[in-house]
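Okay, structure first, notes after.
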Amino acid sequence: MLAQQKQEIIALFQAALAPVLAGTSLTPSVVLERPRDASHGDVACNIAMQLAKQLKQNPRELAQTIVTAVLANPAGQGLIEAVEIAGPGFINVRVSAAAKQAVVKTILSEADSYGRSTAGAGKQVILEFVSANPTGPLHVGHGRQAALGDALSSLFDAQGYKVTREFYYNDAGVQIQTLANSVQARARGFKPGDAEWPEPAYNGDYIADIANDFKAGKTVSASDGLPATANGNIDDIDSIRPFAVTYLRNEQDIDLQAFGVKFDNYYLESSLYADGKVNSAVETLVKAGHTYEQDGALWLRTTDFGDDKDRVMRKTDGTYTYFVPDVAYHLVKWQRGFVQAINIQGSDHHGTIARVRAGLQAVDMGIPQGYPDYVLHKMVTVMKDGEEVKISKRAGSYVTVRDLIEWSGGGDIAKGRDAVRFFLISRKADTEFVFDVDVALKTTDENPVYYVQYAHARICRILENWAGDESIFNDVDLSPDLSPLTAPTEATLLATLAAYPEMLARAQAELGPHQVAFYLRDLAANLHSFYFAEKVLVEDEAVKMARLALVIAARQVLRNGLALIGVSAPNKM
């Protein structure tokens with residue numbers, strides 16, 4: 001059922017309640033729900049049961065009063081087929097066939113805009129995801145973040161929000177020095193296993209590539225920032241460090257480009273120190289009175305804000321603990337005007353949530369208690385040739401995103417990107433996921449992305465066989481009569497198409513992009529069922545044209561949903 005139709009039914013109920021509530025202070029909200037049993041109707045309402053006690057009436061009698069008024073209201077003609085009372089006072093509404101069929105013309109009229117909303121107009125949101133340390137290629141966990149973050153960003157965009165996608169570079173700290181030491185050791189001719197090899201170190205083959213390019217005096221550039229040119233002096237660690245970081249940022253850019261993910265902004269952790277943001281945040285916390293000195297260290301009294309224990313901010317050696325720049329960074333987000341901020345991170349970051357939020361509360365700037373929001377994802381296990389894959393030769397210790405894309409497409413980057421994106425959002429973020437490359441390569445119903453894309457291709461083939469002019473379906477005066485769409489599989493497909501906008505709104509509100517993948521699989525299943533049950537290109541012209549309009553509408557929604565999660569909609573497969 002379309003949102004507008006729901007609102008019309010709610011208005012009918014409100015009009016029916018007006019004389020019942022006259023003289024009272026009651027202002028109830030009419031809520032429509034989908035019945036658990038579809039045979040009971042299209043929507044149900046329990047407003048009579050809610051109000052019966054307050055109005056001192058029998059709930060079934062009150063329900064009958066409401067039903068009588070709803071059926072008598074001329075505004076419901078053409079929309080409502082029947083209204084029935086069930087049980088102690090539930091009101092079940094059946095929508096007319098014409099109202100259900102109306103979704104087809106709505107979709108054909110709105111096209112790419114179908115499902116989009118202006119609910120978030122005037123609001124802005126920042127989503128931070130991937131945010132990988134520039135110390136190696138992106139791993140499959142980063143891939144899951146990229147798929148989740150990009151799809152969630154698109155969901156907010158579809159609801160009218162102004163969306164900023166941000167990548168936060170942890171380019172300061174011990175890991176950066178470890179990277180520089182590893183590259184320097186490689187440049188000097190050492191390799192993992194040698195007595196001279198540093199501990200700790202990064203051991204992947206990519207370290208040798210960086211070392212060779214550094215000795216060759218090459219120039220590398222990331223997607224933002226100044227290029228870095230190597231001076232070739234293997235004893236100059238201060239030159240190796242920025243070259244290695246920029247080299248890996250560029251490599252991560254290439255991986256993200258292959259994955260089809262773009263960011264609006266890149267924010268460097270090092271800039272928080274260079275611009276004095278970290279020191280400023282600490283000074284603000286001290287002035288707010290939520291810190292104390294103990295054993296030569298500066299502590300933040302995070303227990304005042306729900307943490308299980310107080311946290312050290314500045315260690316005895318004068319350096320800050322890792323959560324301090326996180327607090328400074330999110331304070332900057334707030335100061336940039338982002339009243340809603342969402343972080344998509346691995347579940348290993350769970351322990352930082354309480355202390356970051358506590359730090360933001362402690363600055364006493366009116367930041368909400370739940371700021372920022374978090375979507376935490378669990379690990380991804382990669383299976384290939386029936387066995388778990390744990391190590392990539394290039395990375396040295398993990399499977400990279402690029403590996404996964406290349407494997408899943410059989411060398412075809414576009415095909416692999418589709419599979420990886422769809423698979424990685426096809427489960428709730430907080431569930432572990434087994435990515436089976438063998439399944440991603442299958443051209444059968446067992447492969448979910450193939451199953452959905454094939455539904456789109458199947459419709460394209462039907463239209464190709466028809467060989468007619470699709471533009472007639474865009475003309476209100478020429479568009480066909482939809483009344484022949486009465487078969488059970490047609491009714492199911494119509495209901496699924498009508499549910500798309502509501503699904504998008506719910507997925508955005510619940511920060512659950514997996515719901516889009518679930519929906520697309522259901523839509524594909526219903527399209528395939530319709531295809532096998534009802535022939536489209538029949539001799540009866542009226543039936544044929546109505547069914548063509550239906551499949552064109554289904555194709556449009558498949559395209560819209562796939563585009564939202566960054567997956568292509570091929571015309572042939």
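Predicted model only: the values in this text are computed from it and were never measured. We use all heavy atoms of the structure for the numbers below, so side chains are in, but hydrogens, waters and symmetry mates are not.
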Distance-only donor-acceptor check, side chains H330 and N343, under 3.5 Å: yes
Within 6.0 Å of NZ in K218, more than 12 heavy atoms from elsewhere: no
Contact check, side chains of K123 and F156, non-hydrogen atoms, under 4.5 Å: no
R421 and S568 side chains, donor-acceptor separation under 3.5 Å: no
Y500 and V103, any side-chain heavy atoms less than 4.5 Å apart: no
Test: R186 and D209 ion pair at under 4.0 Å: no
Shortest non-hydrogen separation from W407 to V399 and the atoms involved: CZ3-CG1, 3.8 Å
Verdict with supporting geometry, V104 and L108, side chain to side chain contact (heavy atoms under 4.5 Å, CB included): CA-CA 6 Å; V104 172; L108 297 179; 4.0 Å; yes
Under-4.0 Å salt bridge between R116 and E110: no
Whether over 12 other heavy atoms sit under 6.0 Å from R458 CZ: yes
Geometric class of the F435/F433 ring pair [parallel <30°, tilted 30-60°, perpendicular >60°]: perpendicular
Value rounded to 0.5 Å, distance of CZ in F167 from OH in Y266: 7.0 Å
Donor-acceptor contact present, side-chain Q252 to main-chain G136, <3.5 Å: yes
side-chain hydrogen bond (donor to acceptor under 3.5 Å, both in side chains) against E128, all qualifying residues, sequence neighbours excluded: S131, K333
Flag, side chain of N447 to backbone of V449, donor-acceptor distance under 3.5 Å: yes
Q515, CD: over 12 other non-hydrogen atoms inside 6.0 angstrom: yes
Shortest non-hydrogen separation from T135 to L248 and the atoms involved: C-CD1, 3.3 Å
Any donor-acceptor pair under 3.5 Å from Y454 side chain to T443 backbone: no
More than 12 heavy atoms from other groups under 6.0 Å of NZ on K544: yes
Test item: Q345 and V375 side chains (from C-beta on) under 4.5 Å apart, heavy atoms: no
R336 bridged to E166 by N-O distance under 4.0 Å: yes
Heavy-atom pair of closest approach, residues A533 and T489: CB-CG2, 3.8 Å
Side-chain donor-acceptor contact under 3.5 Å, D171 with S270: yes
CD on Q340 to CH2 on W334, rounded to 0.5 Å: 11.0 Å
Value rounded to 0.5 Å, distance of CG in L537 from CE in M545: 10.5 Å
Y169 and V245: CA distance, side-chain angles, deciding distance, side chain to side chain contact (heavy atoms under 4.5 Å, CB included) verdict: CA-CA 10 Å; Y169 275 112; V245 168; over 6 Å; no
Donor-acceptor under 3.5 Å (S271 side chain, Y267 main chain): no
Pair H528 + Y451: ring centers closer than 6.0 Å: yes
Stepwise side chain to side chain contact (heavy atoms under 4.5 Å, CB included) test for V567 and L520: CA-CA 11 Å; V567 177; L520 288 171; over 6 Å; no
Sidechain-backbone polar pair: S182 side chain, Y202 backbone, donor-acceptor under 3.5 Å: yes
pair Y371-V339: side-chain heavy atoms closer than 4.5 Å: no
Of L127, T164, V125, I126, the residue whose pairing with S153 passes side-chain contact (heavy atoms from CB on, under 4.5 Å): L127
I552 CD1 to C460 SG distance, which is reported to the nearest 0.5 Å: 10.0 Å
Residues D418 and Q453: side-chain donor-acceptor under 3.5 angstrom: yes
Worked check of side chain to side chain contact (heavy atoms under 4.5 Å, CB included) between L272 and Y329: CA-CA 7 Å; L272 292 169; Y329 173 46; 3.8 Å; yes
Closest non-hydrogen atom pair, G149 against I344: CA-CD1, 4.0 Å
F423 versus D436, closest heavy-atom pair with distance: CE2-O, 4.1 Å
Student check: side-chain heavy atoms of I254 and N250 closer than 4.5 Å: yes
Whether S109 side chain and K105 backbone form a donor-acceptor pair below 3.5 Å: no
Test item: H350 side-chain N/O and S347 main-chain N/O as donor-acceptor pair under 3.5 Å: no
Where A455 and L527 come nearest, the two heavy atoms and their spacing: O-CD1, 3.9 Å
Side-chain touch R559/H456, heavy atoms, less than 4.5 angstrom: yes
Sidechain-backbone polar pair: D194 side chain, E196 backbone, donor-acceptor under 3.5 Å: no
Distance (rounded to the nearest 0.5 Å) between E432 CD and R427 CZ: 13.0 Å
Test item: R521 and F422 side chains (from C-beta on) under 4.5 Å apart, heavy atoms: yes
Under the side-chain hydrogen bond (donor to acceptor under 3.5 Å, both in side chains) test, residues paired with S221 that sit two or more places apart: none
Pair Q177-N181, side-chain donor/acceptor within less than 3.5 Å: yes
Heavy-atom side-chain proximity of V551 to Y531 below 4.5 angstrom: no
Any residue meeting side-chain hydrogen bond (donor to acceptor under 3.5 Å, both in side chains) with K442, in chain and number order, not counting sequence neighbours: E446
Check: N560 side chain, A111 main-chain N or O, donor-acceptor pair, under 3.5 Å: yes
K378 side, atom NZ; D348 side, atom CG - distance, nearest 0.5 Å: 12.5 Å
E387 atom CD, over 12 foreign heavy atoms within 6.0 Å: no
